[in-house]
Trainee: 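Mind having a look at this structure? Questions to follow.
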Amino acid sequence: NSSSGTDAGVEYGVTLGGICDFAKNTTFSHCTNNCTINSNINGGSGVGGIVGAGINCNIDSCSNFGRITGNELALGGIVGALGGIGTVNFCFNVANINNASGYVAGIVGEISDAEDENNVTITNCRNEGAVGGGGSNGGGILGYIEDDGPKATIYACYNKGTISNSDVCGGICGASEATKFEVSYCLNEGIVYGNVTDYSIARIRVDCSTAAIGIITKKSISTNPPEY
């Protein structure tokens with residue numbers, strides 16, 4: 001089963017989730033996906049172990065154990081695409097996540113500008129699954145943040161999985177085009193492979209007001225991510 005989610009001027013296209021395909025103004029708590037998800041949706045955007053795509057959603061204490069593969073933008077172990085005012089707390093993924101198109105991560109594939117106000121917080125989340133694919137923007141916790149609109153915070157998260165996208169990938173976050181983005185007290189112990197890589201954040205806007213605090217990595221401490 002799959003569904004199409006269109007709201008507030010944003011179209012996710014066809015979405016697919018282990019628990020829910022598309023949700024708005026919804027809380028998910030203590031949900032677990034054990035099923036393998038193999039998605040090959042034409043024009044899809046949003047595939048996740050718990051939620052395919054969500055707007056104004058709170059996801060708390062959820063877990064994914066099922067391998068996820070796809071060929072769509074925005075694929076995550078917990079949620080594929082998330083916008084509006086949302087939180088992802090105390091969630092973990094242990095399964096391998098592979099996306100041929102990009103925007104892929106162990107927890108959240110993409111933070112999007114789904115609403116006029118977009119503020120997403122990811123806290124106390126853990127990824128132990130390998131994240132890979134032929135596309136760009138792969139991360140242990142978050143794959144990609146859209147430009148300008150969204151504000152995002154990643155706090156106290158941990159990645160142990162190997163990150164291996166063909167282009168841009170980071171141990172915590174692949175790439176951010178947002179002007180307001182904070183990553184603090186996160187730990188990466190995963191190996192990162194790609195054309196443009198970093199053990200914390202691989203790419204970030206020049207004019208981004210990022211606060212990178214207490215990022216501890218396996219090989220080096222990075223508090224100043226490389227700029228575009």
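Basis for what follows: all heavy atoms, side chains included, without hydrogens, waters or symmetry-related copies.
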Trainee: As a quick check of understanding, evaluate side-chain contact (heavy atoms from CB on, under 4.5 Å) for V47 and I37, giving each step before the final call.
Mentor: CA-CA 9 Å; V47 178; I37 299 175; 4.0 Å; yes
Trainee: Do N137 side-chain atoms and G102 backbone N/O form a donor-acceptor pair below 3.5 Å?
Mentor: no
Trainee: Which is it for N71 and S101 under the side chain to side chain donor-acceptor pair (under 3.5 Å) test, yes or no, and what are the steps along the way?
Mentor: CA-CA 5 Å; N71 189 30; S101 294; 2.9 Å; yes
Trainee: For residues S176 and I145, report the shortest heavy-atom separation together with the two atoms involved.
Mentor: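 Residues S176 and I145, closest heavy atoms: OG-CD1, 3.6 Å.
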Trainee: Side-chain contact, heavy-atom cut-off 4.5 Å: I154 with S184?
Mentor: no
Trainee: To check you understand the geometry: which heavy-atom pair defines the closest contact between H30 and C62, and what is its length?
Mentor: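 The answer is N-SG, 3.9 Å.
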Trainee: Using side-chain hydrogen bond (donor to acceptor under 3.5 Å, both in side chains) as the criterion, list what pairs up with D60, not counting sequence neighbours.
Mentor: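 For D60 there are no side-chain hydrogen bond (donor to acceptor under 3.5 Å, both in side chains) partners, ignoring immediate neighbours.
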Trainee: If the condition is ring pair (Phe, Tyr, Trp, His ring centres under 6.0 Å), which residues does F65 pass it with, not counting sequence neighbours?
Mentor: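 Partners of F65 by the ring pair (Phe, Tyr, Trp, His ring centres under 6.0 Å) criterion, ordered by chain and then number, come out as F92.
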Trainee: Would you sort out whether T87 and N58 count as a side chain to side chain donor-acceptor pair (under 3.5 Å), showing the intermediate values?
Mentor: CA-CA 5 Å; T87 60; N58 298 309; 2.7 Å; yes
Trainee: Below 4.5 Å, heavy atoms only, C-beta onward: do I78 and V51 meet side chain to side chain?
Mentor: no
Trainee: Flag the pair I172 / L142 as yes when at least one side-chain heavy-atom distance between them is below 4.5 Å, and no otherwise.
Mentor: no
Trainee: Side chains of I55 and F22, heavy atoms from C-beta outward: is any pair under 4.5 Å?
Mentor: yes
Trainee: Can you find a heavy atom in the side chain of C20 that is under 4.5 Å from one in the side chain of F28?
Mentor: yes
Trainee: Atom CG in N93, atom CG in N64: separation rounded to 0.5 Å?
Mentor: 5.0 Å
Trainee: For N38 and T69, does a side-chain donor sit closer than 3.5 Å to a side-chain acceptor?
Mentor: yes
Trainee: Would you sort out whether T153 and F181 count as a side-chain contact (heavy atoms from CB on, under 4.5 Å), showing the intermediate values?
Mentor: CA-CA 6 Å; T153 301; F181 178 42; over 6 Å; no
Trainee: Write out all pairs satisfying ring pair (Phe, Tyr, Trp, His ring centres under 6.0 Å) with one or both partners inside residues 117-136, taking only residues at least two apart or from two chains.
Mentor: none
Trainee: Would you please test Y158 and E189 for side chain to side chain donor-acceptor pair (under 3.5 Å) and show each step?
Mentor: CA-CA 8 Å; Y158 170 74; E189 291 187 324; 2.6 Å; yes
Trainee: Kindly say whether D21 contributes a backbone atom to a donor-acceptor pair with the side chain of T15 at under 3.5 angstrom?
Mentor: yes
Trainee: If only side-chain N and O atoms count, and only distance matters, is there a donor-acceptor pair under 3.5 Å linking S63 with T32?
Mentor: yes
Trainee: For the atom pair OH (Y144) and OG (S112), what is the distance rounded to the nearest 0.5 Å?
Mentor: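 Atom-to-atom, Y144:OH and S112:OG are 11.0 Å apart.
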Trainee: Would you indicate whether the side-chain heavy atoms of V88 and I107 approach each other to under 4.5 Å?
Mentor: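 Result yes, sub-4.5 Å side-chain heavy-atom pair found.
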Trainee: So which atom in A156 and which in C186 form the shortest heavy-atom distance, rounded to 0.1 Å?
Mentor: N-SG, 3.9 Å
Trainee: Please test C57 against L82 for side-chain contact (heavy atoms from CB on, under 4.5 Å), starting from the C-alpha separation and ending with a verdict.
Mentor: CA-CA 8 Å; C57 290; L82 186 61; 4.1 Å; yes
Trainee: For the atom pair SG (C35) and CD1 (I68), what is the distance rounded to the nearest 0.5 Å?
Mentor: 10.5 Å
Trainee: Identify the two heavy atoms, one from A175 and one from V168, that lie closest to each other, and give their separation to 0.1 Å.
Mentor: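 What the structure gives for the nearest pair is CB-CG1, 4.2 Å.
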Trainee: Nearest 0.5 Å please: distance from the CZ atom of R126 over to the NZ atom of K160.
Mentor: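 If we round to the nearest 0.5 Å, R126:CZ and K160:NZ are 9.5 Å apart.
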Trainee: Between N89 and N124, is a side chain to side chain donor-acceptor pair (under 3.5 Å) present by the stated rule, with each step listed?
Mentor: CA-CA 6 Å; N89 299 319; N124 296 292; 5.9 Å; no
Trainee: I141 and I122: side-chain contact (heavy atoms from CB on, under 4.5 Å), yes or no, with the steps?
Mentor: CA-CA 8 Å; I141 303 301; I122 305 171; 3.8 Å; yes
Trainee: Kindly compute the distance separating CZ (R67) from OG1 (T36), expressed to the nearest 0.5 Å.
Mentor: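 Those atoms lie 8.0 Å apart.
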Trainee: Going by the side chain to side chain contact (heavy atoms under 4.5 Å, CB included) test, name the single residue among I50, I59, I111 that passes it with V79.
Mentor: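 For V79, the side chain to side chain contact (heavy atoms under 4.5 Å, CB included) test succeeds with only one of I50, I59, I111, which is I59.
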Trainee: Show the nearest heavy-atom pair for residues C31 and I19, with the distance to one decimal.
Mentor: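 Here C31 and I19 meet closest at CB-CG1, 4.2 Å.
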Trainee: For S61 versus C91, what's the shortest heavy-atom pair and its separation?
Mentor: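 Minimum heavy-atom contact is N-SG, 3.9 Å.
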